[in-house]
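Right, I'll just put the structure down here and ask away after.
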Amino acid sequence: MLAYKKDDSNLFCKNIISGMTVQLEGDFQDSGGINEILNEVLPELRMMGFFKDAKSNVSTLSYSIVMSLECNLCCSYCYERDIKLKYEKLNINRFLELLDNDLSVSQASDVEISFTGGEPLLNPLMLQEFCEKVQLVIKEHNATVAFSIVTNGTLIDTRIIDLFLRFNFNVQLSIDGFSQIHNQIRIGKKRVETYAIILKNLKKLIYKKIKVSLRVNLMNQNIGYLNQFIDEISSIIERKSRCKLLIYCDVVDVETDHPSFLGEPISTMSLLYLYYRLSQLGFNIPSHYSIGGDCIIRDIGSVVVNPNGDLIKCYSFSGKEMTKIGNLNSKYYPYAYLAPICRKKTCEFYTYCKGGCCYVSYIETGILNVSCKKERLSLLNKCPFLLSLYRSNSLENSSKEWIDFFKELTHVSIVSLQ
């Protein structure tokens with residue numbers, strides 16, 4: 001859990017697992033350190049239901065559908081470059097057989113389907129057919145389905161927007177920071193500058209009240225232009241619309257000798273700075289930060305479906321045999337996969353990590369192993385906690401200077417209560 005002592009009368013606590021944040025009032029002047037204070041208030045926290053875990057998702061099946069690895073852009077850092085599966089198209093009927101089998105065996109009540117690529121909007125008719133047929137299978141099993149899509153955002157038109165509305169899509173777009181750098185990195189095949197196109201389409205989605213998030217990729221090339229990016233995105237998205245847009249920032253995962261590689265501590269500090277500035281400007285930011293955790297590779301109910309029918313346990317390994325567990329032509333789909341898991345279950349951030357990202361470990365060491373990023377997890381979970389207290393006016397944000405906010409992070413304590 002996270003704890004912040006505002007003064008001798010007010011204590012704020014956040015359950016890292018459930019996200020619940022509470023304010024406790026009392027006389028904490030002579031209570032000693034933060035651990036002593038928390039021991040005093042434990043009964044009150046229990047009465048408030050503070051220690052209840054978030055709802056378990058054991059009844060949920062999750063599929064990441066790589067419809068095709070074909071793309072209309074040529075991003076310099078893309079891990080899908082030169083994959084032989086590139087122009088294969090997914091067999092929808094084979095997937096429907098898999099879905100029907102999984103629902104029968106698991107008796108799951110909820111299904112999550114995320115479309116990715118390549119660029120999944122290159123074939124909107126196939127996407128529509130896929131959703132229509134999935135809904136028929138879902139109806140037969142009296143289950144529910146939630147659709148989402150990860151797209152570069154360059155192909156969105158009226159027909160695509162209607163499709164998103166019809167199937168209640170959650171949409172994620174992505175950009176590479178400041179426009180001048182983005183247009184050098186995220187290159188259209190006809191050398192078209194894509195930044196303005198993506199932001200124009202983003203505004204259309206917000207106007208149509210489609211659930212949308214924007215991923216901002218940080219890398220060596222754009223790290224020196226954070227203020228320019230912040231000024232630019234603020235000038236494009238008007239203030240009244242900013243709370244409707246979730247902006248998620250992260251570092252691109254590339255080999256250490258890649259031109260885009262961004263190491264520590266600059267990567268973590270840059271993420272902190274971006275989230276601080278974006279929150280101050282009214283944008284919606286994530287409530288927590290995780291690296292790994294219950295990702296696809298560790299979740300028995302999750303799988304990635306490649307265009308050639310391969311079933312794998314991490315979409316970053318598309319085209320590789322490393323995490324392959326089967327194929328749509330198989331009659332048995334063993335979703336369990338022996339992923340590297342951290343054994344330090346008493347760690348305060350175990351839920352958000354469980355050994356970290358296996359792909360990061362692979363590109364750093366060449367093998368799938370535990371990848372501990374505890375310092376980054378610590379700072380990037382303290383950050384939204386403190387910012388949420390500012391937004392709710394629980395704390396007075398008298399200074400908007402970045403350095404003052406960073407100093408304030410040192411007053412947020414990380415506590416593991418057994």
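Numbering starts at 1 and runs along the sequence shown.
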| query | Taking atom CG of L409 and atom CG of D404, what is their separation to the nearest 0.5 Å? | reply |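 Answer for the CG-CG pair, L409 versus D404, is 11.5 Å.
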| field | N-O pairing of K374 and E348 below 4.0 Å | value | yes
| Between R215 and Q172, is there a donor-acceptor pair closer than 3.5 Å when you use the side chain of the first and the backbone of the second? | no
| message | Looking at N381 and L377, would you say the former's side chain and the latter's main chain have a donor-acceptor pair under 3.5 Å? | response | yes
| field | Intermediate values then yes/no, salt bridge (Lys or Arg N to Asp or Glu O under 4.0 Å), K407 and E401 | value | CA-CA 10 Å; K407 289 177 180 177; E401 293 297 324; over 6 Å; no
| request: Please report the C-alpha distance between K5 and F28 in whole Å, then the side-chain angles of each, then the deciding distance to 0.1 Å, and finally whether the side chain to side chain contact (heavy atoms under 4.5 Å, CB included) criterion is met. | output: CA-CA 9 Å; K5 182 183 174 185; F28 305 125; 4.3 Å; yes
| Polar side chain donor-acceptor pair, N369 to Y362, under 3.5 angstrom | no
| task | Spell out, as yes or no, whether a donor-acceptor pair under 3.5 Å connects the side chain of K313 to the backbone of S302. | result |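 Checked: pair present.
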| Residues C13, T21; criterion side chain to side chain contact (heavy atoms under 4.5 Å, CB included); working and verdict | CA-CA 6 Å; C13 300; T21 299; over 6 Å; no
| How are the rings of Y195 and H182 set to each other: parallel, tilted or perpendicular (split at 30° and 60°)? | perpendicular
| Does N222 reach the main-chain N or O of D176 with its side chain, forming a donor-acceptor pair under 3.5 Å? |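 At least one qualifying donor-acceptor pair exists.
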| said: Measuring centre to centre across the rings, with the benzene-like ring taken for any Trp, is F317 within less than 6.0 Å of Y359? | reply: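 Yes, the ring centres sit under 6.0 Å apart.
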| task | Please report the closest heavy-atom contact between A3 and L11, naming both atoms and the distance. | result |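 The answer is CB-CD1, 4.5 Å.
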| said: side chain to side chain contact (heavy atoms under 4.5 Å, CB included), that's the test. Do I291 and V360 meet it? Break it down for me. | reply: CA-CA 10 Å; I291 306 175; V360 170; 5.6 Å; no
| request: Ignoring hydrogens and angles, tell me if any N or O in the side chain of T268 forms a donor-acceptor pair with the backbone of P265 under 3.5 Å. | output: no
| What distance do S109 atom OG and L61 atom CG have between them, rounded to the nearest 0.5 Å? | 9.0 Å
| message | In terms of relative ring orientation, are F169 and F164 parallel, tilted or perpendicular, with 30° and 60° separating the classes? | response | tilted
| With ring centroids as reference points, do Y63 and F95 lie under 6.0 angstrom apart? |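 Yes, the ring centres sit under 6.0 Å apart.
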| query | Less than 4.0 Å between a side-chain N and a carboxylate O, is that true for E140 and K133? | reply | no
| field | Distance (rounded to the nearest 0.5 Å) between I325 CD1 and L311 CG | value | 5.5 Å
| request: Determine whether the aromatic ring centres of F115 and F130 lie less than 6.0 Å apart. | output: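 They qualify: ring centres under 6.0 Å apart.
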| task | Could you check Y350 against K344 for side chain to side chain contact (heavy atoms under 4.5 Å, CB included), going step by step and ending with a plain yes or no? | result | CA-CA 7 Å; Y350 183 77; K344 298 178 182 178; 5.7 Å; no
| field | Heavy-atom donor-acceptor pair, K382 side chain to V412 backbone, under 3.5 Å | value | yes
| query | If we ignore angles and hydrogens, is there a donor and acceptor under 3.5 Å between the side chains of S267 and E264? | reply | yes
| field | Aromatic centroids of Y275 and Y289 separated by under 6.0 Å | value | no
| request: Looking only at non-hydrogen atoms, find the nearest pair between E119 and L121 and report the distance. | output: OE2-N, 3.0 Å
| query | Between the side chains of N227 and Y225, does any donor sit under 3.5 Å from an acceptor? | reply |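 No, no side-chain donor-acceptor pair sits under 3.5 Å.
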| field | N308 and N306: side chain donor to acceptor below 3.5 Å | value | no
| task | Report the distance from atom CD1 of I65 to atom OG of S114, rounding to the nearest 0.5 Å. | result | 8.5 Å
| query | Any chance the side chains of T154 and N72 put a donor and an acceptor closer than 3.5 Å? | reply |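 Yes, N72 and T154 have a side-chain donor paired with an acceptor closer than 3.5 Å.
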| request: Measure from the side-chain N and O atoms of S106 to the backbone N and O of A108, and report whether any donor-acceptor pair falls under 3.5 Å. | output: yes
| request: Go through the side-chain N and O atoms of S260 and Q221 and say whether any donor and acceptor fall under 3.5 Å apart. | output: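 Per modelled atom types, S260 and Q221 side chains form a pair under 3.5 Å.
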| Test item: side-chain donor near acceptor, Q184 and Q180, under 3.5 Å | no
| field | Residue pair R186 / T194, side-chain donor-acceptor N/O under 3.5 Å | value | no
